[in-house]
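Below is one structure, written out as structure tokens, with a few remarks after it.
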Protein chains: 2
Amino acid sequence: MTAPLDRPPLAPAGVAFVLSGLGYHAAQRFRERLAPLGLAPRHVGVLTALASAEGMSQHALGQHLEIPPSRMVALVDELEARGLVERRRNPADRRAYALALTDAGRRVLEQVAALADEHERQLCAALDAEERETLLRLLRRIAAQQGLPQRVHPSLAASDRAGPPPAC
Amino acid sequence: MTAPLDRPPLAPAGVAFVLSGLGYHAAQRFRERLAPLGLAPRHVGVLTALASAEGMSQHALGQHLEIPPSRMVALVDELEARGLVERRRNPADRRAYALALTDAGRRVLEQVAALADEHERQLCAALDAEERETLLRLLRRIAAQQGLPQRVHPSLAASDRAGPPPAC
DNA sequence: TATTGTTATACTCTATAACTATA
DNA sequence: TATAGTTATAGAGTATAACAATA
């Protein structure tokens with residue numbers, strides 16, 4: 001038996017709500033840390049994927065990350081303008097580029113890794129090492145069951161977000 | 001001592017990354033469940049807050065949720081157009097409205113609650129009841145330490161997100 | 001005829017600033 | 001002079017579709 005309240009009985013926030021709010025918060029803080037490098041989280045997504053797949057074409061990388069071609073153009077333009085990525089012509093197929101990280105790109109990725117470590121530490125400050133491990137294990141179980149890829153952030157596939165023109 | 005890899009040694013995703021990805025995922029799935037009602041998550045944020053603060057002015061509600069006035073206009077316009085919220089003139093101060101949920105608004109909130117329950121269940125399908133409790137406890141500890149409000153979703157204050165015009 | 005990358009265009013969401021009316 | 005709400009405008013980010021070059 002529950003006691004009557006003087007306000008409408010709001011259900012306490014569940015896992016989904018807290019997860020969503022905390023995930024948003026984590027992403028924003030990461031975005032702020034990244035800003036001084038002139039990068040947004042989506043750029044890190046591309047750089048990181050590229051680090052594991054040098055020489056991949058723009059199209060293939062976009063497919064891996066679920067980023068449509070037209071968006072890849074702008075993204076790679078930006079990274080190339082910052083000197084972090086190179087578009088090399090592929091002699092075997094002159095339609096496609098072979099994308100490559102530059103040395104500057106690799107250095108920036110190291111900076112990003114350091115900054116991500118600090119981000120992780122700050123975000124988890126409330127938990128001890130064992131609790132962090134427990135949390136990570138539970139989160140990974142959910143992520144796996146929900147079909148999320150391990151290293152690709154789902155927000156990169158922004159197609160389902162704000163809603164594009166409704167496919168006239 | 002770690003064995004050499006044939007690929008660049010990518011650090012495994014930490015709490016921050018998994019949290020952010022899973023939070024995004026949870027938000028998207030919630031958005032999809034909401035779509036048939038003609039609502040977006042932001043509308044639910046406003047409706048929920050209003051349920052605990054009937055008669056509040058548009059401005060005050062906006063401050064509580066950290067939503068700027070001009071955005072509140074559009075948001076309340078949309079909710080009013082759907083017949084979920086009423087703008088009542090406040091005789092004591094004719095500049096301000098007293099916002100109120102309509103009966104339809106209350107019914108929709110009940111539908112949303114049911115749908116959120118199902119969402120919660122589906123999202124946590126990988127965990128048993130005890131694990132869910134553990135997860136929720138850990139997430140709440142982090143949320144509290146990070147200064148997040150308990151019932152207000154941080155994405156409602158979208159000011160820090162994509163970046164508005166840079167305050168010329 | 002299919003594929004890689006590009007451009008043109010349109011749409012959503014947002015914030016800032018100027019404005020109206022009340023106080 | 002300050003406050004509640006509104007409107008006008010501009011910018012960031014995205015997707016679709018038409019297009020060019022190459023296969």
Side-chain angles (χ1 to χ4, degrees), chain A residues 24 27-28 31 35 38-43 45-46 55-81 85-99 154-168, chain B residues 24 27-28 31 35 38-43 45-46 55-81 85-99 154-168:
Chain A
Y24 182 84
Q28 288 309 120
R31 181 186 301 277
L39 295 174
R42 62 184 179 279
H43 298 122
V46 173
M56 196 176 246
S57 75
Q58 218 175 273
H59 192 82
L61 191 57
Q63 286 220 307
H64 177 58
L65 300 172
E66 296 191 77
I67 297 176
S70 69
R71 194 143 68 98
M72 282 302 292
V73 172
L75 236 29
V76 176
D77 279 355
E78 287 156 8
L79 292 170
E80 200 176 33
V85 159
E86 262 182 22
R87 284 175 164 118
R88 298 186 184 147
R89 275 293 170 193
N90 178 350
D93 183 344
R94 283 167 43 222
R95 294 172 303 181
Y97 293 125
L99 295 179
S155 75
L156 287 175
S159 46
D160 48 355
R161 192 157 56 204
C168 140
Chain B
Y24 183 84
Q28 288 310 118
R31 181 186 302 276
L39 295 175
R42 60 183 181 279
H43 298 123
V46 172
M56 198 177 246
S57 75
Q58 218 174 275
H59 192 82
L61 191 58
Q63 287 221 306
H64 177 58
L65 301 173
E66 297 192 72
I67 296 176
S70 69
R71 193 143 67 101
M72 283 301 293
V73 172
L75 237 27
V76 175
D77 278 355
E78 287 156 9
L79 292 170
E80 199 175 34
V85 160
E86 261 182 22
R87 284 175 164 119
R88 297 186 185 146
R89 275 295 171 192
N90 179 352
D93 182 345
R94 283 168 42 223
R95 294 172 304 182
Y97 293 126
L99 296 179
S155 75
L156 287 174
S159 45
D160 49 355
R161 190 158 57 203
C168 140

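In what follows, chains are A, B, ... by sequence order, proteins preceding strands, each numbered from 1.
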Exercise. What nucleotide, of D:dA23, C:dT4, D:dT14, holds the atom closest to the side chain of A:Ala96?
Worked result: C:dT4
For this session: State, with a plain yes or no, whether a side-chain heavy atom of B:Gln58 is found less than 4.5 Å away from one of B:Leu75.
Result: no
For this session: Give the nucleotide from the list D:dA23, C:dA15, C:dA21 with an atom nearest to the side chain of B:Arg95.
Result: C:dA21
For this session: Report the distance from atom NE2 of B:His43 to atom C1' of C:dT14, rounded to the nearest whole Å.
Result: 13 Å
Exercise. What nucleic acid atoms does A:Arg87 come within less than 4.0 Å of, heavy atoms only: base, sugar-phosphate, or nothing?
Worked result: sugar-phosphate
For this session: Select base, sugar-phosphate, or nothing to describe what A:Pro69 touches, counting heavy atoms under 4.0 Å on all strands.
Result: base
Problem set entry | A:Gln58 side chain, from C-beta outward: closest of D:dA17, D:dA21, C:dG5 | C:dG5
Problem set entry | Rounded interatomic separation in angstrom, taking CG from A:Leu156 and C1' from D:dA15 | 16 Å
Exercise. Given atom CZ of B:Arg31 and atom P of D:dT14, what is their separation to the nearest angstrom?
Worked result: 14 Å
For this session: Check the distance between C:dA15's P and B:Glu66's CD and give it to me in whole angstrom.
Result: 11 Å
Exercise. Between the main-chain N or O of B:Arg94 and the side-chain N or O of B:Arg89, is there a donor-acceptor pair closer than 3.5 Å?
Worked result: yes
Seminar exercise, completed: Testing D:dT7, C:dT14, C:dT6 for proximity to the side chain of A:Val73, the answer is C:dT6
Seminar exercise, completed: Side-chain contact check for A:Pro68: nearest option of C:dG5, D:dA15, D:dG5 is D:dA15
For this session: Could you state the atom-to-atom distance from CG of A:Leu39 to P of D:dG13 in whole Å?
Result: 13 Å
Exercise. With a 4.5 Å limit on heavy-atom distance, are the side chains of B:Arg87 and B:Leu99 in contact?
Worked result: yes
Exercise. Does the side chain of A:Tyr97 get closer than 4.0 angstrom to OP1 or OP2 of C:dT6 through an N or O atom?
Worked result: yes
Exercise. How many Å lie between CG on B:Leu65 and P on C:dA15, as a whole number?
Worked result: 13 Å
Exercise. Of B:Met72, B:Arg71, B:Glu66, which is the lone residue that meets side-chain contact (heavy atoms from CB on, under 4.5 Å) with B:Pro68?
Worked result: B:Arg71
Exercise. Is the shortest heavy-atom distance from the side chain of B:Arg88 to the side chain of B:Tyr97 under 4.5 Å?
Worked result: no
For this session: Classify the nucleic acid contact of B:Arg42 as base, sugar-phosphate or nothing, counting any heavy atom under 4.0 Å across all strands shown.
Result: sugar-phosphate
For this session: Between B:Ala98 and A:Glu78, name the one whose nearest nucleotide on DNA chain D is closer to the 5' end.
Result: B:Ala98
Exercise. Across the strands shown, which category fits A:Ser70 at heavy-atom distances under 4.0 angstrom: base, sugar-phosphate, nothing?
Worked result: base
Problem set entry | Test item: A:Leu79 and A:Leu39 side chains (from C-beta on) under 4.5 Å apart, heavy atoms | yes
Exercise. Between C:dT22, C:dT6, D:dG5, which nucleotide has the shortest distance from any of its atoms to the side chain of B:Arg94?
Worked result: C:dT22
Exercise. In whole angstrom, what separates A:His59's NE2 from D:dA23's P?
Worked result: 16 Å
Problem set entry | Given C:dT6, D:dT14, D:dG5, the nucleotide with the shortest approach to the side chain of A:Arg71 | D:dT14
For this session: Provide, to the nearest angstrom, the distance between the CE atom belonging to A:Met72 and the P atom belonging to C:dT3.
Result: 18 Å
